[in-house]
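The first residue in the sequence is number 1, and the count goes up from there. Read the numbers this way: they start at 1 and go in the same order the structure lists the ligands and their atoms.
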Amino acid sequence: MGYRPREYDHIVVGAGALGTSTAYHLSGHAGRTLVLERFYENHAFGSSHGRTRILRTAYAEGTAYVPLVLRARRLWLRLGRETGEEIFRPTGVVLAAPSNSAALARARASARRYSLSSESFDPEGARERFPALQFVRGDAALWDPAGGILFPERAIRAYRRLAHDRGVAFRWNFPVTEWRRTSGGRILVSTKTREYLAHSLVLAAGAWLPTLVPSLHLPLEVEQQTMYWFRARDQRDAPFRAMPAFVWYSPEGGYYYGTPDVGNGVKIGGNVGQRVRDLDHRPLPSLRELRSIQRFLKSRLPGLAPEPRRGARCLYTNTPDKNFIVDFHPGGANVVIVSACSGHGFKFASAMGELIANGVRRGSLPRLLAPFGLPTVRRD
Ligand SMILES: Cc1cc2nc3c(=O)[nH]c(=O)nc-3n(C[C@H](O)[C@H](O)[C@H](O)COP(=O)(O)OP(=O)(O)OC[C@H]3O[C@@H](n4cnc5c(N)ncnc54)[C@H](O)[C@@H]3O)c2cc1C
């Protein structure tokens, strides 16, 4: 290339939830930041689209997540105040399951450990309190009143706008093809047409992350999930607008989730995904997944018509234990690897972006991110 690479302090790869939040939090301090995004703002090829996301605080996946989600919740509310937009709606979240469910027990334990307010219901109490949902004998429910729903496209746009106003440059349709360390210790980032130099690099590339660190052989598996939107059978949508978000754990260890009707139907998804081996050739939504969701609706939300109004595919980037990976690249503390998905990462993006930005500036990652260190990886 016949020109000198443009120089920045920080480069963030990926303008999904994690990359945009990180860029915003980097922008509050001295230094120039560039975000390079493969597609365009709020595209639907990654993991951060789909109109709603659930934020739960009583966290079945582990107590380590609770301080993180509490900080994230505060930051989402602050983002809403700063922009005058509704980013988070505190609908509360119901966690439902068979009464002997291990997931429910873990959620209860995390609520206890952090003195979160929560309330337990038997099937009768739950039916009365949450009339859109059908509970039967043997069910139990845990009410997480601090939970609610996030509006992901709005949140990402808000962080991008604020970051842009504070001087962050965004380049759309700019896939990063490779990066390497220079002899001077900086990072050279290449796209098809340009090169950039930076002191630090944040790789928040979602499902594409392994292509940017092939030598690490990250143990990530990409799974496609289709979310569907359903309307009330008899046009009586009101109970579905007023209902809380929910996660319903099944006895087999899987789950279904739903968010209230915010104008386009009740969104329902489950964990019957499809493995994606080639991101450029993704499977069509499977009938098996839709049928499994319809069976769930029939038994738990019988007031919804079973034919979906709309569906959208979305990607989970799963680690073997469904936790996250957020760590420095083994080559040095100026490249951060962010794989905050495993299907439950959105709610944390505000806090993770803040922590990652602090880590990048200080050269050491904050303690709250310690549980998400790189697994022992094979390096070429
Ligand atoms: C159906 C579904 C439901 C979910 N529900 C919830 C929920 O209720 N609550 C919750 O907390 N979480 C939920 N999640 C998970 C959550 O949405 C994700 O964890 C989160 O959005 C991941 O954000 P990300 O920034 O890591 O990835 P992404 O949003 O995919 O962003 C990565 C970005 O990097 C870009 N990129 C990739 N490679 C390159 C490259 N080489 N150069 C430049 N750019 C590149 C991509 O184009 C993309 O924009 C759900 C996920 C799905 C799929």
Side-chain angles (χ1 to χ4, degrees), residues 11-23 34-57 59 61 65 68-69 72-73 76 93 147-150 152-153 155-156 159-160 170-179 189-192 201-213 220 222-228 245-247 255-259 267-271 273 276 279 285 289 311-319 322 324-326 337-353 356:
I11 292 181
V12 177
V13 181
L18 268 297
T20 314
S21 166
T22 303
L34 169 69
V35 179
L36 295 167
E37 165 56 48
R38 168 187 290 274
F39 298 113
Y40 46 89
E41 183 168 53
N42 280 332
H43 64 82
F45 306 112
S47 306
S48 297
H49 58 286
R51 300 175 185 205
T52 52
R53 286 292 185 270
I54 299 174
L55 182 150
R56 326 169 245 127
T57 66
Y59 221 68
E61 287 82 345
Y65 289 96
L68 205 54
V69 77
R73 187 180 186 280
W76 291 124
V93 179
I149 55 172
L150 290 156
E153 288 86 355
I156 289 174
Y159 269 147
R160 190 269 303 154
F170 285 80
R171 299 276 177 274
W172 309 107
N173 302 308
F174 257 71
V176 168
T177 49
E178 59 181 350
W179 62 273
V189 177
S190 306
T191 68
K192 272 195 189 142
L201 176 67
V202 177
L203 298 171
W208 291 264
L209 180 64
T211 64
L212 293 171
V213 284
L220 298 175
V222 179
E223 187 185 349
Q224 178 177 277
Q225 297 265 341
T226 305
M227 22 188 181
Y228 288 99
F246 68 83
V247 179
Y255 62 85
Y256 295 89
Y257 62 84
T259 56
K267 183 174 114 179
I268 307 280
N271 71 325
V276 178
L279 285 164
E289 187 174 14
R313 289 178 280 174
C314 188
L315 299 175
Y316 281 15
T317 307
N318 294 327
T319 62
K322 304 285 164 58
F324 305 154
I325 297 174
V326 183
I337 294 169
V338 184
S339 150
C341 187
S342 292
H344 61 117
F346 195 96
K347 63 182 79 60
F348 301 103
S350 53
M352 294 263 235
I356 292 163

_Sequence-distant partners of E61, salt bridge (Lys or Arg N to Asp or Glu O under 4.0 Å), two or more places apart_ =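 Scan of E61 (salt bridge (Lys or Arg N to Asp or Glu O under 4.0 Å), adjacent residues dropped) gives R56.
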*Are side-chain N/O atoms of N42 and E153 paired as donor and acceptor at under 3.5 Å?*
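Short answer, no.
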_Any donor-acceptor pair under 3.5 Å linking the side-chain atoms of K347 with those of Y59?_
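Y59 vs K347: donor-acceptor pair found between side chains.
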Look at [atom] and find which of [options] reaches it with the closest heavy atom.
{"atom": "atom 23 (O) of ligand 1", "options": "S48, A44, G16", "result": "S48"}
{"atom": "atom 32 (C) of ligand 1", "options": "G258, G14, A204", "result": "A204"}
{"atom": "atom 35 (C) of ligand 1", "options": "E37, H49, Q224", "result": "E37"}

Do any nitrogen or oxygen atoms of [X] lie less than 3.5 angstrom from nitrogen or oxygen atoms of ligand 1?
{"X": "L18", "result": "yes"}
{"X": "G345", "result": "yes"}
{"X": "A207", "result": "no"}
{"X": "F39", "result": "no"}
{"X": "A340", "result": "yes"}
{"X": "Y316", "result": "no"}
{"X": "H344", "result": "yes"}

Which of the ligand 1 atoms, numbered from 1, are nearer than 4.0 Å to a heavy atom of [X]:
{"X": "G206", "value": "27 (O), 32 (C)"}
{"X": "M227", "value": "1 (C)"}
{"X": "Y257", "value": "1 (C), 2 (C), 3 (C)"}
{"X": "P175", "value": "42 (N), 43 (C)"}
{"X": "L315", "value": "53 (C)"}
{"X": "V13", "value": "40 (C), 42 (N), 43 (C), 44 (N)"}

Return yes if some donor-acceptor pair links the side-chain N/O of [X] with the main-chain N/O of [Y] below 3.5 Å, else return no.
{"X": "T226", "Y": "A312", "answer": "no"}
{"X": "E37", "Y": "N173", "answer": "no"}
{"X": "T317", "Y": "V222", "answer": "no"}
{"X": "S47", "Y": "L315", "answer": "yes"}

_Check E41 with R160, please: is the shortest side-chain N to carboxylate O separation under 4.0 Å?_
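Counted as a salt bridge, because a side-chain N and a carboxylate O are separated by less than 4.0 Å.
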*Tell me, please, which residues at least two apart from Y257 pass ring pair (Phe, Tyr, Trp, His ring centres under 6.0 Å).*
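Y257 satisfies ring pair (Phe, Tyr, Trp, His ring centres under 6.0 Å) with no residue once adjacent residues are dropped.
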_Nearest heavy-atom neighbours spanning A72 and S350_ =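 So the two residues come closest at O-OG, 3.0 Å.
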_Looking only at the aromatic ring of each residue, does the gap between the centers of W172 and F170 stay below 6.0 angstrom?_
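Ring centres of W172 and F170 closer than 6.0 Å.
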*asked:* Which residue and atom name correspond to the protein heavy atom nearest atom 53 (C) of ligand 1, and how close is it?
replied: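 Answer for atom 53 (C) of ligand 1: C314 SG, 2.3 Å.
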*Identity and distance of the protein heavy atom lying nearest atom 50 (C) of ligand 1*: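 Heavy-atom neighbour on the protein nearest atom 50 (C) of ligand 1: R53 NE, 3.5 Å.
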I need the contact type for [X] against ligand 1. Using non-hydrogen atoms and a strict under-4.0 Å cut-off, is it side chain, backbone, both or neither?
{"X": "S342", "result": "neither"}
{"X": "W208", "result": "side chain"}
{"X": "L150", "result": "neither"}
{"X": "P152", "result": "neither"}
{"X": "V176", "result": "both"}

*For the residue pair F45 and F39, does the interplanar ring angle fall in the parallel (under 30°), tilted (30 to 60°) or perpendicular (over 60°) class?*
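If you compare the ring of F45 with that of F39, the planes turn out tilted.
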*asked:* Below 30° counts as parallel, above 60° as perpendicular, anything between as tilted: where do the rings of F348 and F324 land?
replied: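 Judged by the thresholds at 30° and 60°, the geometry between F348 and F324 is perpendicular.
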*Does some side-chain heavy atom of R313 sit less than 4.5 Å from a side-chain heavy atom of H49?*
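Of all side-chain heavy-atom pairs linking R313 with H49, none is under 4.5 Å.
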